[in-house]
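Take a look at the structure below.
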There are 2 protein chains.
Amino acid sequence: MASGIAITVEVDLITALEDQGLRRTYARSAVATRIESVSEAFTAEQLCRDLPEVGRATVYRTIRHLVDAGALCKLPILDGAPMYSIARVEHHHHTICSKCGAVGEFRHSTVERLMRSLEKEIDGEIVGHRMEIFITCNQCLSSTNGGE
Amino acid sequence: MASGIAITVEVDLITALEDQGLRRTYARSAVATRIESVSEAFTAEQLCRDLPEVGRATVYRTIRHLVDAGALCKLPILDGAPMYSIARVEHHHHTICSKCGAVGEFRHSTVERLMRSLEKEIDGEIVGHRMEIFITCNQCLSSTNGGE
DNA sequence: CTCATTATTGATACTTGATATCAATTAGGC
DNA sequence: GCCTAATTGATATCAAGTATCAATAATGAG
């Protein structure tokens, strides 16, 4: 879509669910509120542990609804359960700290330009892409000065 | 397919295992031969089904060894088991057909340049990256002319 | 070649992440 | 308040993958 402008989107998760035609219930509100209050990316199991008053099935279902609504991003983690993070920006990519697992978002116009130039090389039609940058975040960098 | 210099690497999987100090056994040869003969990307379970004479544990272990040796790439698939494909090129990325699941490899100098330019924007040190392009491959494009 | 040592195998049990089932409960309109 | 459909959650189940460990195979020494 746009190249330089980062379009911020819906952040209210309960509204995102209602926009899907889903009812506002205690369980869904609890899940949405919890996700909004933890600023970090999280796994489904973490959320279940944090919300023992909500059933596992409901936690998983609500997460799925939020992903379907585009309000959450599902990030593949090669050796473990996928992580979820709130989608704050229309189209973006993620940074993942290899040490602490912190997830960040970024957006870069070159990525879109790259797609266009790849179109010639690839024997098919590009329908999407995914990109993750693995980093050591500043926090981990500074705490590993003498240690480890 | 690739642009710039594509450095081809070790393709002999049994040798890759021996280079890791592992013994050449019937089971490992069977796994290696099978992987080399199916040109497509595959899942661990597929391989188990294709090789009923080799135990599941051994299939999984051998795959892990090959990934450790850098001879196989492990690709995250968001809603399913990871897929594996032979690493034919030093550093590359993958195309995945959303319809048929076919996996291809490509290499593009812009990707490396992109990483360097991202280094300024990202609050941390880049240690790696991953990128997958989702496509509809030519085969699927041509077979979906009238259909669906 | 034979033995001893060590790596390897694979049946089985288990773990983990996630989904299906379905009776009981809840939300929202009338 | 009542009705109906949506929702919940305990439970069972599934699927991918790993741990266990006795039996087996590969290698080196003699």
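Naming: A, B, ... by sequence-line order, numbering from 1 per chain.
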Show each protein N/O and nucleotides 15-18 of chain C N/O combination with a separation under 3.5 Å, one pair to a line.
residue, atom, partner, partner atom, Å
C:dA18, OP2, A:Y60, OH, 2.9
C:dA18, N7, A:R56, NH2, 3.0

* A:V103 side chain near A:E40 side chain, heavy-atom distance below 4.5 Å -> no
* What is the distance from CG of B:L75 to C1' of D:dA16, rounded to the nearest Å? -> 17 Å
* Which heavy atom of A:H94 sits nearest a heavy atom of A:S85, and at what distance? -> NE2-OG, 3.4 Å
* Once you round it to whole Å, what is the distance between C1' of D:dC14 and CG of B:D79? -> 16 Å
* To do: Decide whether A:H129 and A:H93 meet the rule of one side-chain donor and one side-chain acceptor closer than 3.5 Å.
  => yes
* Round to the nearest Å and state the distance from A:L17 atom CG to C:dA27 atom P. => 15 Å
* Asked: Can you tell me how far CZ of A:F106 sits from CD1 of B:I122, rounded to the nearest 0.5 angstrom?
  -> 5.0 Å
* Answer yes or no: is there a donor N or O on one side and an acceptor on the other, between the side chain of A:S117 and the main chain of A:L114, under 3.5 Å? => yes
* Asked: Do you reckon B:I86 sits in the same ILVMFWY cluster as B:L51, going by side-chain contacts under 4.5 Å, direct or chained?
  -> yes
* **Touch class at under 4.0 angstrom, heavy-atom based, for B:E53 against every strand present** => sugar-phosphate
* Asked: Do A:R28 and A:R23 have side-chain heavy atoms sitting under 4.5 Å apart?
  -> yes
* Could you give the CG-to-P distance, from A:D68 to C:dT19, as a whole number of Å? -> 11 Å
* To do: Apply the test side-chain hydrogen bond (donor to acceptor under 3.5 Å, both in side chains) to residues A:E45 and A:Y60: give CA-CA distance (whole Å), side-chain angles for both, the deciding distance (0.1 Å), then the verdict.
  => CA-CA 9 Å; A:E45 288 301 316; A:Y60 274 91; 2.4 Å; yes
* **Value in whole Å for how far the P atom of D:dA6 lies from NE2 of A:H65** => 12 Å
Might you list the N or O atoms of the protein lying below 3.5 Å from N or O atoms in nucleotides 20-27 of chain D, with each pair's distance?
residue, atom, partner, partner atom, Å
D:dA26, N3, B:R23, NH1, 3.4

* Asked: To the nearest angstrom, how far is B:L78 atom CG from D:dA16 atom P?
  -> 16 Å
* Asked: Do A:L72 and A:I77 belong together in a cluster built from hydrophobic side chains that touch within less than 4.5 Å?
  -> no
* Starting at CD of A:Q20 and ending at C1' of D:dA6, how long is that distance when rounded to a whole Å? -> 15 Å
